[in-house]
Asks: 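Before I ask anything, let me first share the structure, which is written out below as structure tokens.
Positions are given from 1 along the sequence. Computed from a predicted model, the values in this text were never measured in an experiment.
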Amino acid sequence: MSTPTDVRTALRARVEAHRDELLTLSRRIHAHPETAFEEHRAAAWCADLLRTHGYTVTAPAHGLETAFTASTGSGPVTVAVVCEYDALPGLGHACGHNLIAAAGLGAALALGPDADRLGLTVRVIGAPAEERGAGKALLLDAGAFAGVDAAMMVHPCPVEVADFRSFALGTLSVRYTGRAAHPSLNPHEGRNAADALTVAQVALGLLRQQLPPQWRVHGITTAAGTAPNLIPDTATAEYEIRASAAEDLTALRERVEACFRAGALATGCEVSLTRPEPDYLDFRGDPGLLALWRANAAALGRPKPVESGPFACTDMGNVSHAVPAIHPVLDITGGACAPHEPAFAEAAVSPEADRAVLDGAVAMAWTAADFAAARLGG
């Protein structure tokens with residue numbers, strides 16, 4: 001079964017009817033960037049718009065102050081449309097999450113009036129803290145995706161990719177504790193925490209020679225003393241590890257943590273290694289949903305998608321390990337600039353960005369309708 005032509009036409013017309021609301025929302029979120037777990041205005045604006053158009057909204061949701069859920073329809077097939085709206089510290093919406101929120105709401109507003117006819121329960125999940133904090137992993141653990149048959153979202157990018165794949169990502173907070181001492185009067189009584197971190201960084205540099213091509217280790221020193229005439233008793237760092245598959249993170253983490261422990265052993269310091277957030281798992285797109293998306297994006301005249309290996313990381317990967325999911329990326333810059341660059345923040349309110357909002361909304365609505373038709377027709 002496929003979605004009847006008249007329904008497809010109606011879904012597209014509804015997105016167009018909501019055009020001004022959606023683009024206003026996108027620009028409003030863009031103009032008021034809020035970072036991880038601080039997205040109070042963006043979450044409220046999204047929830048209010050859904051409530052205005054008949055959705056039942058729960059906000060806050062699942063223990064997160066800036067998360068919300070909204071639903072409409074009572075069909076046997078539940079599709080979750082996922083919205084992101086957090087910004088980057090110092091860069092605003094240089095990842096274009098304002099577009100993700102607006103496109104997600106566009107799909108939801110299009111599907112709402114036809115949800116029961118299509119056999120759908122439409123669930124909108126407002127997910128905070130994608131850039132840092134793994135909000136979707138927290139929501140997944142809290143049950144936000146329970147009963148969901150398929151989940152979807154779109155993301156702006158400098159290229160068009162249907163079968164998006166991402167790295168798995170783990171984070172590590174490092175803290176060395178040593179003993180302060182005067183560097184000329186009694187250096188022998190000190191335990192240099194900064195030296196411990198230096199030893200670890202040398203070990204990591206050597207380790208990189210033996211890592212597989214898709215494994216990455218990178219980080220920054222956040223503290224390593226306050227004055228040159230005092231042996232530092234504290235040093236801290238923040239590190240990330242990436243691998244092409246979630247299964248590889250465990251092995252990589254063991255090797256990286258061994259380097260940090262080596263720094264402690266060599267200098268007589270103590271080391272604390274903690275995970276500040278859940279791991280981000282690699283994204284695994286569902287083949288059936290991808291086929292539906294490709295056909296619908298082509299019908300809208302979107303650029304032909306390119307094939308790409310893993311790039312970036314997203315907590316939508318965690319969702320894809322639990323629920324059939326897609327995460328297509330839509331070209332808004334033609335390769336001129338990439339996410340996390342200042343120019344991309346400017347591109348996120350361009351005419352190309354507006355088109356991505358509307359096309360993303362229509363294609364997701366069509367894909368959700370096609371998915372329900374396939375499920376119920378089978």
Asks: Would you call Arg284 and Glu247 a salt bridge, using N to O less than 4.0 angstrom?
Replies: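 Yes, Arg284 and Glu247 are salt-bridged.
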Asks: Strictly by modelled atom types, are His62 and Asp141 linked by a side-chain donor-acceptor pair under 3.5 Å?
Replies: no
Asks: Side chains of His53 and Glu21: any donor to acceptor distance under 3.5 Å?
Replies: yes
Asks: Between Ser71 and Thr56, does any side-chain donor sit less than 3.5 Å from a side-chain acceptor?
Replies: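 Thr56 and Ser71 do not have a side-chain donor-acceptor pair below 3.5 Å.
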Asks: Decide whether Ser166 and Asp282 meet the rule of one side-chain donor and one side-chain acceptor closer than 3.5 Å.
Replies: no
Asks: Write down the atom of Pro158, the atom of Pro339, and the distance for their closest heavy-atom approach.
Replies: CD-CD, 3.6 Å
Asks: What do you reckon, is CZ of Arg14 surrounded by more than 12 foreign heavy atoms closer than 6.0 Å?
Replies: yes
Asks: So, Arg27 and Asp354, do they make that salt bridge, N to O below 4.0 Å?
Replies: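 Judged by the 4.0 Å cut-off on N to carboxylate O distance, Arg27 and Asp354 do form a salt bridge.
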Asks: Looking at Glu277 and Lys136, is there a salt bridge between them, counting it only when a charged N and a carboxylate O are closer than 4.0 Å?
Replies: no
Asks: Applying side chain to side chain donor-acceptor pair (under 3.5 Å), run through Ser26 and Asn98 and close with a yes or a no.
Replies: CA-CA 5 Å; Ser26 174; Asn98 56 303; 3.0 Å; yes
Asks: Step through it carefully: locate the ring centre of Tyr239, locate the ring centre of Phe260, and say whether they are under 6.0 Å apart.
Replies: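 Yes, close enough.
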Asks: Salt bridge or not for Arg12 and Glu16, using N-O below 4.0 Å?
Replies: no
Asks: Check Arg179 with Glu189, please: is the shortest side-chain N to carboxylate O separation under 4.0 Å?
Replies: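 Here Glu189 does not pair with Arg179 in a salt bridge, since their nearest N and O are not under 4.0 Å apart.
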Asks: Ring centres of His327 and Phe164 under 6.0 Å apart?
Replies: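 So the answer is yes for these two rings.
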Asks: Under 3.5 Å, is there a donor on one side chain and an acceptor on the other for Thr367 and Asn296?
Replies: yes
Asks: Are Asp86 and Thr35 close enough that a side-chain donor and a side-chain acceptor fall under 3.5 Å?
Replies: no
Asks: With no hydrogens and no angle check, do the side chains of Ser173 and Glu238 hold a donor and an acceptor under 3.5 Å apart?
Replies: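 Judged by distance alone, the side chains do pair up.
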Asks: Should Glu270 and Arg191 count as an ion pair when the cut-off is N to O under 4.0 Å?
Replies: no
Asks: What I want to check is whether the side chains of Thr66 and Glu34 have a donor and an acceptor closer together than 3.5 Å.
Replies: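 Side chains of Thr66 and Glu34: no pair found under 3.5 Å.
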Asks: Do Thr222 side-chain atoms and Thr236 backbone N/O form a donor-acceptor pair below 3.5 Å?
Replies: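 Side chain of Thr222 to backbone of Thr236: a pair is present.
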Asks: I'd like to know if Val154 and Val323 are part of one continuous hydrophobic network [Ile/Leu/Val/Met/Phe/Trp/Tyr, side-chain heavy atoms within less than 4.5 Å].
Replies: no
Asks: Assess whether a salt bridge exists between Arg255 and Glu257, defined as any Lys/Arg side-chain N lying under 4.0 Å from an Asp/Glu carboxylate O.
Replies: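 No salt bridge links Arg255 with Glu257.
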Asks: I'd like to know if Asp248 and Arg216 make a salt bridge, using a cut-off of under 4.0 Å between side-chain N and carboxylate O.
Replies: no
